[in-house]
Amino acid sequence: PGTVTDDGLLDERRDTLVAAAFAGGGRAGTRHGLAWLELASGRFSVVEVEDRAALDAELERLRPAELLVCEGGEHDGLPQARARAPWHFEVGTATRLLTAQFGVKDLDGYGCADLPCAIAAAGALLQYVQETQRAALPHLAGLVTERRDEAVLMDAATRRNLELEQSLSGRPDCTLAGVLDRTATPMGARELRRWIARPLRDDAVLRRRLHAVRTLVERRGAAALHEHLRGIG
């Protein structure tokens, strides 16, 4: 379900994600790594969190169509979980797979070299996608490492009760995304939902977004641009 790329089978205004989760121990206790991929676009991201509650919050945000977990591990039984043998989550193997895919010597440039659980999850995910697609994947060209403190933190229950993207009554138009979405393209709709699901705390980024919107509005070019954009798939 997470590796479908046929336009006719996808909800074009929402991300269709395949993800992998892995839990590993260390001096500071158990850490949880999460990797997710939108195969159609090649958006490949990872995050590492400190406890199970934080992982549940991330899964509620992302809502992957398919989730790979380590067989017999802590995440067995999660919704959409597909168990994979433990050796799929070996950090050394994962590092070699990822560096070979991206054509780099190490993962330092992606900001995840010190996140072994996230690397393990990403490696297992890449291996699974390579197996299912049976083709070269040149559009998987790098990773984005997210840090939880970059965004407003919300637990899974808070996300559900705020009805950001999913309505408790089952009405998509009664969610925050449903109210705000006047985007012209499927790409815009997906980006808007990412922003709603992960509200950033960085003032500089937010000010750049607002400046771009203000510029369009003040120059009265938004309506014409909207019409031009509607023709983009």
Side-chain angles (χ1 to χ4, degrees), residues 2 15 17-39 41-64 66-76 78 80-130 137 139-156 159 194 197-202 205:
D15 287 334
L17 304 175
V18 57
F22 179 72
R27 292 182 180 179
T30 301
R31 302 279 296 178
H32 300 260
L34 181 64
W36 63 97
L37 169 65
E38 185 188 22
L39 186 57
S41 69
R43 294 174 63 93
F44 198 175
S45 306
V46 296
V47 69
E48 191 167 298
V49 298
E50 65 281 358
D51 54 39
R52 178 62 183 272
L55 177 71
D56 290 343
E58 294 301 311
L59 289 172
E60 180 67 24
R61 167 172 74 99
L62 298 166
R63 290 179 168 265
E66 193 173 5
L67 177 66
L68 312 178
V69 299
C70 185
E71 188 176 26
E74 185 173 335
H75 303 133
D76 254 352
L78 282 170
Q80 290 84 42
R82 181 187 297 275
R84 301 277 283 173
W87 59 266
H88 287 281
F89 294 85
E90 203 277 319
V91 177
T93 302
T95 301
R96 288 193 293 274
L97 282 171
L98 292 165
T99 53
Q101 174 68 33
F102 304 149
V104 296
K105 292 173 59 179
D106 54 49
L107 299 175
D108 291 354
Y110 301 109
C112 60
D114 60 340
L115 305 176
C117 293
I119 291 173
L125 181 53
L126 177 59
Q127 187 169 5
Y128 177 69
V129 171
Q130 288 174 338
L137 302 166
H139 67 304
L140 303 189
L143 276 173
V144 173
T145 300
E146 291 188 358
R147 305 283 176 176
R148 290 202 83 216
D149 58 4
E150 295 172 343
V152 177
L153 299 182
M154 292 180 278
D155 59 31
R159 287 185 178 279
R194 292 184 203 114
R198 188 172 182 262
L200 296 181
R201 301 171 61 191
D202 188 329
V205 175

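- When all heavy atoms of His32 and Arg52 are compared, the closest pair comes out as NE2-N, 3.5 Å.
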Pair up each side-chain donor or acceptor in residues 106-126 with any protein partner under 3.5 Å, not counting sequence neighbours, and list the distances.
from   : atom 1 : to     : atom 2 : distance (Å)
Asp106 : OD1    : Asp108 : N      : 3.1

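- For Arg201 against Asp149, the heavy-atom pair with the smallest separation is NH1-O, 3.3 Å.
- Distance alone, capped at 3.5 Å, places no donor-acceptor pair between the His88 side chain and the Val69 backbone.
- Each of Arg194, Arg63, Arg43 was scored for a side chain to side chain donor-acceptor pair (under 3.5 Å) with Asp15, with one residue passing: Arg194.
- Between Arg61 and Ala197, the shortest heavy-atom distance links the atoms CD-O, 3.4 Å.
- In this structure, the side chain to side chain donor-acceptor pair (under 3.5 Å) partners of Arg82, at least two apart in sequence or on a different chain, are Glu66, Tyr128.
- The CZ atom of Arg96 lies 6.5 Å from the CD atom of Glu90; values are rounded to the nearest 0.5 Å.
- Between Glu48 and Val46 the shortest side-chain heavy-atom distance does not fall below 4.5 Å.
- Between atom CG of residue Asp202 and atom CD of residue Glu150 there is a gap of 8.0 Å, rounded to the nearest 0.5 Å.
- Judged purely by atom type and a 3.5 angstrom limit, Glu38 has no side-chain atom pairing as donor or acceptor with the backbone of Ser41.
- Taking CG of Leu55 as the start and OG1 of Thr30 as the end, the distance is 12.0 Å to the nearest 0.5 Å.
- Considering only residues two or more places apart in sequence or on other chains, Glu71 meets the side chain to side chain donor-acceptor pair (under 3.5 Å) condition with none of them.
- For the pair His75 and Leu67, the minimum side-chain heavy-atom distance is 4.5 Å or more.
- The aromatic rings of Phe44 and Phe102 sit perpendicular, their planes meeting at an angle over 60°, well past the 30° parallel limit.
- Taking all atoms of both residues into account, the shortest heavy-atom contact from Gln101 to Leu140 is NE2-O, 3.1 Å.
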Subject >> Stepwise side chain to side chain contact (heavy atoms under 4.5 Å, CB included) check, Arg84 with Phe22 >> reply: CA-CA 11 Å; Arg84 301 277 283 173; Phe22 179 72; over 6 Å; no
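- Here CZ of Arg159 is found 6.5 Å from CD of Glu58. Values are rounded to the nearest 0.5 Å.
- The shortest heavy-atom contact between Pro64 and Leu59 is CD-O, 3.8 Å.
- Here the straight-line distance linking atom CZ of Arg148 with atom CG of Leu153 works out to 5.0 Å at 0.5 Å rounding.
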